[in-house]
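Data first, discussion second: the structure below is written as C-alpha cells.
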2 protein chains.
Amino acid sequence: MLPEPYDLLPTTARQSQTIATGDVLFRQGARTLGLYVLKTGRVHLERVGPNGERLIIHRATSGTSFAEASVFSERYHCDAIVMDAGALIRIDKSAVLAGFANPDFARTYGRQAAQQVQAHRQIMEIVGIRRAEDRVMAGIVAGLLEGTVVDFAARLQLTHEATYRALRALVEAGRVNNPSRGTYRLA
Amino acid sequence: MLPEPYDLLPTTARQSQTIATGDVLFRQGARTLGLYVLKTGRVHLERVGPNGERLIIHRATSGTSFAEASVFSERYHCDAIVMDAGALIRIDKSAVLAGFANPDFARTYGRQAAQQVQAHRQIMEIVGIRRAEDRVMAGIVAGLLEGTVVDFAARLQLTHEATYRALRALVEAGRVNNPSRGTYRLA
DNA sequence: TCTGGAATATGATTTCAATCATATGCTGCC
DNA sequence: GGCAGCATATGATTGAAATCATATTCCAGA
C-alpha cells in the first residue's frame, strides 16, 4: 500500500504509472502537479546552477517519496529524471493541500516529517565522523545496518571496501559479532 | 519572533528560559513536554546505545528548533544537554498537536517540514561528493556559503583548511571570485 | 587603546580512506 | 546445470584530506 500519510487521501488523488530509463517526470520551471512515491526503479532530481552546472539534489529509491515540497510551490525547482525503469504513484498537489484540513492527515504528515528530519540529522552527524571505524560503529549503534553492507556503506558515505575493513576491525576488537558471512551485530 | 509555523500558536503555548552550560533540558525516557526553539547558545542531543555508547544525534544551533518529533511521542528518545549558555523557547506538545486542527498551521508546518527535508537531502548529496574542490563548488552553487567560511566548512563536513584550499583552487581556476578577504561568489 | 579571540589564510607532514586488483560465495534465470 | 551478476571479502598502492603549525587581519570589549 501507499506509505503514511498519503494512504489517508482519497484514492482518486493517485495516479499509477510505469517509468522507463531516461523519462523526464518534470522539468525545472514546469507547473507543479504533485509529489511522487517511487515503488520501484531509481529517479534523480537535478538542478541547473546559475552558471549551467548540473547538481544532483537527491537520488530517490524504492519505497520513498520525492518532490514533497512541490505541493507548496507553483513550479518545480529541479528536473526529475528516471535512471532505472520502474513504477511510481503521483499524488495530486490539490489533494494533499486539501488533506491538511483533516487533522488526522495533518498530524500523520507532521509525525512522518518530524521523524524524517530527525533521521536526516542523525545520519548527517554520523557522516561527519571522520574515522571509518568510528563511523561504521555509530552506524551500527544507530541501527542503520539492516540491508546489505553495500547499502549500509552508501548511507555512511563510505566505500564498501572501507566499510568491510572497518567491520572486520570492529569484529577483531570484539565490539561487533559476525555470526555468519554478511551479518554483523553489536557484540 | 518565533519561526514559522510556531508563530501561529497561541502565546500561552510558549515558555522562554535561559540555559547554562551543562544544563540538561530533558533525559532519554522522560515524559515529553514539547519541542524547543533555540534562540542563542548550543544544545547537543545525545543517545546512549544498547551497550552504553554515547552517540550525538544532533547539534542544535541558534535560530533552529529541535525535538520536534517528541510532540508525537510519550517519552524523549535522547538527552538534551546545553553546551553553550543561551536562551530558548519551549513550545507545548499539546498546543502543537491541537494546532494541527488548524489547516493554516498544518499547511505551514507541512511546507516548512517539506522544505527542510529537501534541504537535508541536498546537503547529504553534496557531502557525498569526495573531492573537496567539487564539494565546495557544489556547496557554493547550492547557496550554502552565506555566513563565515568556517560555518560553510562545517556544513560541508570538511575542515576549514581544506575548504580554504579548495576555495583558493577554485579562484585560481576562475570558477569563483574572491572580491575581498573572506568573500567568495560564483565567477 | 590595548588585548584576546576568532576568522582568514597557507605551508609541511601524516594518515587513512579511496582506488585498483583479485577471489569466492551465493542467487536467479535461461 | 551453467553462467552472469552481485555481495562479500581482503590485499597493495595512491592520493587527497586531516592534522599540525604559523601568521595576519579583524572585531569586540575591557
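The sequence lines fix the lettering, A, B, ..., with proteins before strands; numbering per chain opens at 1.
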B:Tyr164 OH - D:dT22 C1' separation (whole Å) = 15 Å

Assign the ring pair B:Tyr36 / B:Tyr76 to parallel, tilted or perpendicular, where the plane angle (0 to 90°) is split at 30° and 60°.
-> tilted

With the threshold set at 4.0 Å, does a side-chain nitrogen-carboxylate oxygen contact exist between A:Glu46 and A:Arg59?
-> no

At what angle, to 10 degrees, do the two end axes of the helix from C:dT1-D:dA30 to C:dC30-D:dG1 meet, given five pairs define each axis?
-> 50°

Tell me what A:Tyr184 touches on the nucleic acid: a base, only sugar-phosphate, or nothing, going by heavy atoms under 4.0 Å.
-> sugar-phosphate

Note: for A:Gln157 and B:Leu167 on DNA chain C, the residue whose nearest nucleotide lies more 5' is B:Leu167

Picking from D:dT19, D:dA17, D:dA7, the nucleotide nearest the side-chain atoms of B:Glu161 would be D:dT19

Base, sugar-phosphate, or nothing: which does A:Arg131 touch, judged by heavy atoms less than 4.0 Å apart?
-> sugar-phosphate

Check: B:Thr64 main-chain N/O paired with B:Lys39 side-chain donor or acceptor under 3.5 Å = no

Short side-chain N/O contact from B:Arg181 to OP1 or OP2 of D:dT25, under 4.0 Å = no

Can you check the B:Glu133 CD to D:dG15 P distance for me, whole Å?
-> 16 Å

Polar side-chain atom of A:Arg135 near backbone of A:Ile129 as donor-acceptor pair, under 3.5 Å | yes

Which is true for A:Arg165 with a 4.0 Å heavy-atom rule: it touches a base, it touches only sugar-phosphate, or it touches nothing?
-> base

Range on DNA chain C touched by chain B - first to last nucleotide, heavy-atom distance under 4.0 Å | C:dA7 to C:dA18

Hey, does the side chain of A:Asp79 reach the backbone of A:Leu45 with a donor-acceptor pair shorter than 3.5 angstrom?
-> no

Atom CZ of B:Arg130 and atom P of D:dA17 are separated, to the nearest Å, by 11 Å

Residue closer to the 5' end of DNA chain C, A:Thr163 versus B:Ala162 (nearest nucleotide) | B:Ala162

Using a cut-off of 6.0 Å, state whether more than 12 heavy atoms not belonging to B:Arg31 lie near its atom CZ.
-> no

Which class fits the ring pair B:Phe66 and B:Phe26: parallel under 30°, tilted 30 to 60°, perpendicular over 60°?
-> tilted

Show me, pair by pair, the donor-acceptor contacts under 3.5 angstrom made by side chains of residues 156-176 of chain B, not counting sequence neighbours?
unit_1   : atom_1 : unit_2   : atom_2 : d
B:Gln157 : NE2    : A:Met124 : O      : 2.7
B:Thr159 : OG1    : B:Ala162 : N      : 3.2
B:Thr163 : OG1    : B:Thr159 : O      : 2.9

Would you call B:Glu53 and B:Arg47 a salt bridge, taking side-chain N to carboxylate O under 4.0 Å as the test?
-> no

